Amino acid sequence: MPIQQKAYALIGRPVGISLMDGTGVSGILCSVQGGSIYVIEYLYHTQFATKHYTFNQVRDILPYPQCPQPYTPQPLY
């Protein structure tokens, strides 16, 4: 699936983004506009920032997987 089509399908979801320079970022994919994706990323403490990446900077966009079922401790006998 082309990266642009994939981006539109993942708007509003938490994603991991692999960049062409070998780094990666994660956050919520907010929108796709003018050849760029806009992602809200956590910075630190109570700060978030919306950053944009052009499609030529992006290698792949992956949705976050679902969490496994929570572990329920068994009683000790």
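Here the structure is a predicted model, which is why all the values come from computation and not from measurement.
Side-chain contact between Val58 and Leu19 is present, with at least one heavy-atom pair separated by less than 4.5 Å. Under the 4.5 Å side-chain criterion, counting only non-hydrogen atoms from C-beta, Ile17 is in contact with Ile37.
To the nearest 0.5 Å, the span separating CZ on Arg13 from CG on Leu62 amounts to 11.0 Å.
Annotation for Ile3 and Arg59: closest pair CD1-O, 4.1 Å, computed over non-hydrogen atoms. Nearest approach of Lys6 to Asp60, heavy atoms of both residues: NZ-OD1, 2.7 Å.
Defined by atom type and a distance below 3.5 Å, a donor-acceptor pair is present between the side-chain atoms of Tyr44 and Gln47.
Taken together through direct or relayed side-chain contacts under 4.5 Å among Ile, Leu, Val, Met, Phe, Trp and Tyr, Ile40 and Val15 form parts of separate hydrophobic clusters. Cluster annotation: Phe55 and Tyr53 are assigned to the same hydrophobic cluster (Ile/Leu/Val/Met/Phe/Trp/Tyr, side-chain heavy-atom contacts under 4.5 Å, transitive).
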Show the atom names and distances, to 0.1 Å, of all donor-acceptor pairs under 3.5 Å that link a side chain in residues 22-31 to residues at least two apart or in another chain.
from, atom 1, to, atom 2, distance (Å)
Thr23, OG1, Asp21, OD1, 2.6
Ser26, OG, Tyr64, OH, 3.4

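Among residues two or more places apart in sequence or in another chain, the ring-ring contact (aromatic ring centres under 6.0 Å, His included) test is passed with Tyr42 by Phe48. Residues forming a ring-ring contact (aromatic ring centres under 6.0 Å, His included) with Tyr38 (at least two apart in sequence, or on another chain): His52.
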